[in-house]
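Each chain gets a letter, A, B and so on, in the order its sequence line appears, and its residues count up from 1.
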Number of protein chains: 2
Amino acid sequence: MAIDKQTVLRTALTLLDEVGSDGLTMRVLAKALNVQAPTLYWHFPSKRDLLDQMADALIAPVAGMVNVTTEPDDVLWSLATALRATLLSRRDGARVYAGTYVMGENVLAVADIALAALLCKGLTQQTAVDAMFNLVSYVLGFTIEEQGFRERWSGEESVESVREQFISAMGGRFPALSQSLDAVLAGDFDARFERGLDAFFGGLSSPG
Amino acid sequence: MAIDKQTVLRTALTLLDEVGSDGLTMRVLAKALNVQAPTLYWHFPSKRDLLDQMADALIAPVAGMVNVTTEPDDVLWSLATALRATLLSRRDGARVYAGTYVMGENVLAVADIALAALLCKGLTQQTAVDAMFNLVSYVLGFTIEEQGFRERWSGEESVESVREQFISAMGGRFPALSQSLDAVLAGDFDARFERGLDAFFGGLSSPG
DNA sequence: ACTCCAATCTAACGTTGTTAGACTGGCCCT
DNA sequence: AGGGCCAGTCTAACAACGTTAGATTGGAGT
C-alpha cells in the first residue's frame, strides 16, 4: 500500500505533538508510516520542503474558523484569533511555521480573507496589504513568544522559581522591570492578545 | 592564547554574516577561532546555550540607540526602530533571536526601557507589561517575515518571476489577493513598519 | 623543581539528512 | 498468457553534525 503526500503530512503533524520539532526526524517519521527513511524522498525533495508543506497544512483550519458573515473588523478579529489558536494547537506550531515563507494554499487563503476585509473597509490597496502583513506579523510574533514562554516555564518550574531567576538575572538593575515583576509573572496571554488587537484596530481606523 | 566567552560570541556573530545560521556549526566556529570543536564545550555547555547567548549579544546595540531624553512615545518608537534595525543588521538575525527565550543582560535592558516609558505614560503595571510584550512581539514577528522575504527573493529572482509564481500558486482563486498583487510586490518594508507602529501607538493612547 | 588546574587536544560515538542503486509488484500492450 | 515498464520501496552507505571521554599541554603558585 503506497503512501501519499497527504498521509505523510497528516502523520507528520500528529507526530509533531508527540515528539516536538527537534524530535521530528526523517527516520522517526518514516517509522510512523511503516516505511524506510529514504522513501520519503520519493514524495518530497528535501526535509526543508516537507517542513514548508507542513507549515501550510498546519494553518489549514484557519480559513474555516473565521466568521465571514459580519463586518470587516469582526472578520479580521476572528481571523487573528483563529490563527493564534491554530498555531498554539500544535506543539512548536509557531516555530515550525515561522521558518517558512511558502505560497501555499492555506497561506494564500488567509491572506485573501484579511485583504478582502481590509479593502471592504475602504483602505487603499497598498495600505490594505501593509495592514494585512502587519496583522499577520503581530499574530505570528506574539504566538512565537507565547509558545516559547509556555514550553520553557510551564513545565516543572514553579512561578516562585521563575521569579527568583528573574531577580537573580536583574541583579539590582532595571528598576522599571523589577517594579513590574508581578505583572510579568501574572501575564494572561489571552487578555494580552486582546489588548494587542485592540491597540492595532484602534490605530487602524484612521483613513488610509 | 586562551579564548574567552566574549571572543567566541563576537566571532560567532561575525561568522553568522558569512555562513548563515545553517552554516554556523561548532566545527566552523572552532576553525575561525583556531581551535578544535570540543574546546567550545569548555566555555559553553551546549550549542543551544551558545545560541542563547548569541541572541542576547545580538541585540546589545539596541539600548544605546534609543533616544532617552524625549517623551515616552518617542522612546518607544525609537526602541522599536532600533530593535528592527539591529535584528536586520545580521544575516538570519531575527531567526536566531526568535528561537530563544533568555533572560539575558540586553533583553532585560530593552524590556526595562520600554516598560519605563510605558509607565511614564500613566499605564497600569499590567497594561504596561502587556503593551511592552505586544510591541516587542510585533517587531520580532515583522522582522522575521521581512528577513524571510528578503533572503528568499532578493537573490537572483526578478520581481517578474515572483509575480508569475504568485499567479501560478493562486490559480484563479483568491480575488482580493490577486487584485492587490501589485501592492504585495511593491511592498516597502520601511513604510510598512512605520504604518504598523502608527497603528499600534494610535490604539495605545486609550487609557489603561 | 613540583604541583596543579585551566584550557586545549585527539579520537570516537551515535544520529542526522541525503544519495546511489537494486528490487518489487502491478498495470498496459500485444 | 507473457513481457516490458515504471511508480514506489528497499538496503547500504556517505559526509557532516553535536557531543563525550580521556589524554596532553603550559603557565602560575609554592
Side-chain angles (χ1 to χ4, degrees), chain A residues 1-58 91-92 95-102 151-152, chain B residues 1-58 91-92 95-102 151-152:
Chain A
M1 44 177 167
I3 64 180
D4 69 339
K5 266 188 156 83
Q6 294 308 318
T7 307
V8 175
L9 290 174
R10 205 175 43 241
T11 306
L13 287 176
T14 302
L15 214 51
L16 188 63
D17 278 336
E18 299 174 18
V19 300
S21 64
D22 286 346
L24 190 67
T25 70
M26 297 301 261
R27 286 171 230 261
V28 167
L29 175 56
K31 177 161 283 183
L33 290 159
N34 290 115
V35 139
Q36 297 304 112
T39 298
L40 296 171
Y41 287 84
W42 177 260
H43 303 275
F44 300 89
S46 68
K47 187 181 186 183
R48 172 76 271 146
D49 190 82
L50 172 65
L51 286 169
D52 286 350
Q53 296 195 227
M54 278 177 64
D56 190 63
L58 191 61
R91 184 166 164 195
D92 295 328
R95 186 146 45 200
V96 166
Y97 185 82
T100 71
Y101 188 74
V102 179
E151 288 178 9
R152 184 131 195 151
Chain B
M1 43 175 166
I3 65 182
D4 69 343
K5 267 188 156 81
Q6 294 308 318
T7 307
V8 175
L9 290 175
R10 203 174 45 241
T11 306
L13 287 176
T14 302
L15 213 52
L16 188 63
D17 279 337
E18 299 174 17
V19 298
S21 64
D22 286 346
L24 190 68
T25 71
M26 296 302 262
R27 286 171 232 260
V28 167
L29 175 55
K31 177 160 282 181
L33 289 159
N34 290 114
V35 136
Q36 298 302 112
T39 299
L40 297 171
Y41 288 84
W42 177 260
H43 301 277
F44 300 89
S46 68
K47 188 182 186 183
R48 175 73 272 147
D49 190 82
L50 171 65
L51 285 170
D52 286 350
Q53 293 193 229
M54 278 177 65
D56 190 63
L58 190 62
R91 184 167 163 197
D92 294 329
R95 186 145 49 196
V96 166
Y97 185 84
T100 71
Y101 187 76
V102 179
E151 289 177 8
R152 184 129 193 153

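When the options A/Asp17, A/Val96, A/Leu24 are evaluated for a side chain to side chain contact (heavy atoms under 4.5 Å, CB included) with A/Arg91, the one that passes is A/Asp17.
Taking atom CG of A/Asn34 as the reference point, atom C1' of D/dC10 lies 14 Å away to the nearest angstrom. Atom CD1 in A/Ile3 sits about 9 Å away from atom C1' in D/dG8, given to the nearest Å. Atom pair B/Gln36:CD and C/dA11:P shows a separation of 10 Å (rounding to whole Å applied). To the nearest angstrom, P of C/dG17 lies 6 Å from OH of A/Tyr41. Between the P atom of D/dT9 and the CZ atom of A/Phe44 lies a distance of 12 Å, rounded to the nearest Å. Here the P atom of nucleotide C/dT16 and the CG atom of A/Leu40 are 13 Å apart, to the nearest Å. Between the NZ atom of B/Lys47 and the C1' atom of C/dT15 there is a distance of 14 Å, given to the nearest Å.
Checked by atom type and distance alone, the side chain of B/Thr39 never pairs as donor or acceptor with a backbone atom of B/Val35 at under 3.5 Å.
OP1 or OP2 of D/dA7 has not a single side-chain nitrogen or oxygen of A/His43 nearer than 4.0 Å. For C/dT8, the OP1/OP2 oxygens have no side-chain nitrogen or oxygen of B/Trp42 closer than 4.0 Å. Distances shown here put a side-chain N or O of A/Thr39 below 4.0 Å from the OP1 or OP2 atom of D/dC10.
Nearest heavy atoms, A/Ala55 versus A/Thr100: CB-OG1, 3.5 Å. Of all the heavy atoms in B/Gly99 and A/Arg95, the pair that sits closest is O-NH1, 2.9 Å. In terms of heavy-atom proximity, A/Met26 sits nearest to A/Leu50 at SD-CD2, 4.1 Å.
The side chain of B/Val35 has C/dT8 as its nearest neighbour among C/dT8, D/dT9, D/dT20. Here the nucleotide nearest the side chain of B/Pro38, chosen from D/dT11, D/dG18, C/dA11, is C/dA11. For B/Ala2, counting side-chain heavy atoms from C-beta on, the closest listed nucleotide (D/dC10, C/dT8, D/dG18) is C/dT8.
The 12-atom threshold is exceeded at CG of B/Asp4, counting heavy atoms of other residues, nucleotides or ligands nearer than 6.0 Å. The neighbour count for B/Lys5 NZ, taken as heavy atoms of other residues, nucleotides or ligands under 6.0 Å away, is above 12.
For the segment residues 14-31 of chain B, the set of residues with a heavy atom within less than 4.0 Å of an atom of DNA chain D comprises B/Thr25, B/Met26, B/Arg27, in numerical order.
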